[in-house]
Amino acid sequence: MKLRNYLAVSLCLLALSGCSSNSQETAATAAAAIQQTTAAETTAAQSADKTASPSAADLESLMDLLGKTDSEVTAVLGRGEETKNGEGLILERTYTLSLLGEDAYVSLIFNLYQEGSDLLEQAVIHLGKSDLKEYASALTQLFGEPTETYEKSYFFTSGNKTLVLADPYGDGAYIEISVD
């Protein structure tokens, strides 16, 4: 939308500059001013995005958001990409966050068990590597020994939250966090 406004302003300035005798100089000046304004607003927007959605959110901070409302989550992480149902009820927000030393695709699920509650009820973190033992070691350092293990799954508990680290099909590890 902003880009359209800038294009409209620049076209108006170019049209007006055609009316003067120094049209080339005026057009160049107007174009330079628009570029500077665009660059400044882009920098400001990037700065605001970084403030709204930290790139280095840690796993424990993400866990603390479980059970919080959508507005509390967006106050910490920003808006992300949202998915709503037909009635406008938020179902999911997705982010790319730096977790466990890598950029992870994070899906936050709202209203999963209590429709209309507007609460974050589950987080799923899709990790890039498929080395489950490496992730299990990192989670063991954070949360202690797993409470259960299966062939390709590790279960950890922290307070009233359960973390499941799994890679059942060998196509990429994920962590699923939910409130007990």
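Since the structure is predicted, the reported quantities are computational estimates derived from the model, not experimental observations.
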Seminar exercise, completed: Output for pair (Thr162 OG1, Ile177 CD1), nearest 0.5 Å, gives 10.0 Å
Seminar exercise, completed: Here the pair of heavy atoms bringing Gly67 nearest to Val179 is N-CG2, 4.5 Å
Exercise. Can you check whether Leu119 reaches Leu66 side chain to side chain, under 4.5 Å on heavy atoms?
Worked result: no
For this session: Measure the CD-CG distance between Glu121 and Asn111 for me, rounded to the nearest 0.5 Å.
Result: 6.0 Å
For this session: Fit a plane to each ring of Tyr174 and His126, take the angle between them on a 0 to 90° scale, and name the class: parallel (under 30°), tilted (30 to 60°) or perpendicular (over 60°).
Result: tilted
Exercise. Under the side chain to side chain contact (heavy atoms under 4.5 Å, CB included) criterion, do Gln122 and Val124 qualify, and how do the steps go?
Worked result: CA-CA 7 Å; Gln122 188 177 63; Val124 180; 4.2 Å; yes
For this session: Report the C-alpha separation of Arg79 and Arg93 in whole Å, then their side-chain angles, then the decisive distance to 0.1 Å, and conclude whether the side chain to side chain contact (heavy atoms under 4.5 Å, CB included) test is met.
Result: CA-CA 7 Å; Arg79 301 210 47 87; Arg93 288 194 183 278; 3.4 Å; yes
Exercise. With a cut-off of 6.0 Å (strictly less than), are more than 12 heavy atoms of other residues, nucleotides or ligands near CD of Glu102?
Worked result: yes
Problem set entry | Side chain proximity check, Phe143 to Leu163, heavy atoms < 4.5 angstrom | yes
Exercise. For Ala136, does its backbone N or O pair with a side-chain atom of Thr140 as donor and acceptor, under 3.5 Å?
Worked result: yes
Exercise. To the nearest 0.5 Å, what is the distance between CG (Asp58) and CG (Leu142)?
Worked result: 8.5 Å
For this session: Of all the heavy-atom pairs spanning Tyr154 and Pro146, show the shortest one and how long it is.
Result: CD2-CG, 4.0 Å
Problem set entry | Distance, nearest 0.5 Å, that separates NZ of Lys152 from CG of Leu132 | 8.5 Å
For this session: Give, for atom CD1 of Ile90 and atom OG1 of Thr74, the distance between the pair rounded to the nearest 0.5 Å.
Result: 9.0 Å
Problem set entry | Derivation of the side chain to side chain contact (heavy atoms under 4.5 Å, CB included) call for Leu59 and Leu139 | CA-CA 9 Å; Leu59 195 55; Leu139 292 177; 3.4 Å; yes
Exercise. Any side-chain heavy atom of Val106 sitting closer than 4.5 Å to one from Thr96?
Worked result: no
For this session: Begin from the C-alpha positions of Thr69 and Glu72 and carry the test side chain to side chain donor-acceptor pair (under 3.5 Å) through to its verdict.
Result: CA-CA 5 Å; Thr69 63; Glu72 291 172 303; 3.1 Å; yes
Exercise. Are there more than 12 heavy atoms of other residues, nucleotides or ligands under 6.0 Å from atom NZ of Lys161?
Worked result: yes
Problem set entry | Side-chain touch Phe156/Glu148, heavy atoms, less than 4.5 angstrom | no
Exercise. In Å and rounded to the nearest 0.5 Å, what is the CG to OG1 distance from Leu89 to Thr83?
Worked result: 11.5 Å
Exercise. Ignoring hydrogens and geometry, is there a side-chain-to-backbone donor-acceptor pair from Asn160 to Asp180 under 3.5 Å?
Worked result: no
Exercise. Does the side chain of Tyr135 reach to within under 4.5 Å of the side chain of Leu100, using non-hydrogen atoms?
Worked result: yes
Problem set entry | Leu108 side chain near Leu77 side chain, heavy-atom distance below 4.5 Å | yes
For this session: Check whether any side-chain heavy atom of Ile125 lies under 4.5 Å from a side-chain heavy atom of Leu99, and answer yes or no.
Result: yes
For this session: Compare all side-chain heavy atoms of Phe155 with those of Thr157 and state whether any distance is below 4.5 angstrom.
Result: no
For this session: Check the hydrophobic clustering (I, L, V, M, F, W, Y; side-chain heavy atoms under 4.5 Å; chains of links allowed) and say if Tyr105 and Leu120 are grouped together.
Result: no
Exercise. Does the pair Val164 and Ile175 meet the rule for a side chain to side chain contact (heavy atoms under 4.5 Å, CB included), with working shown?
Worked result: CA-CA 5 Å; Val164 179; Ile175 298 172; over 6 Å; no
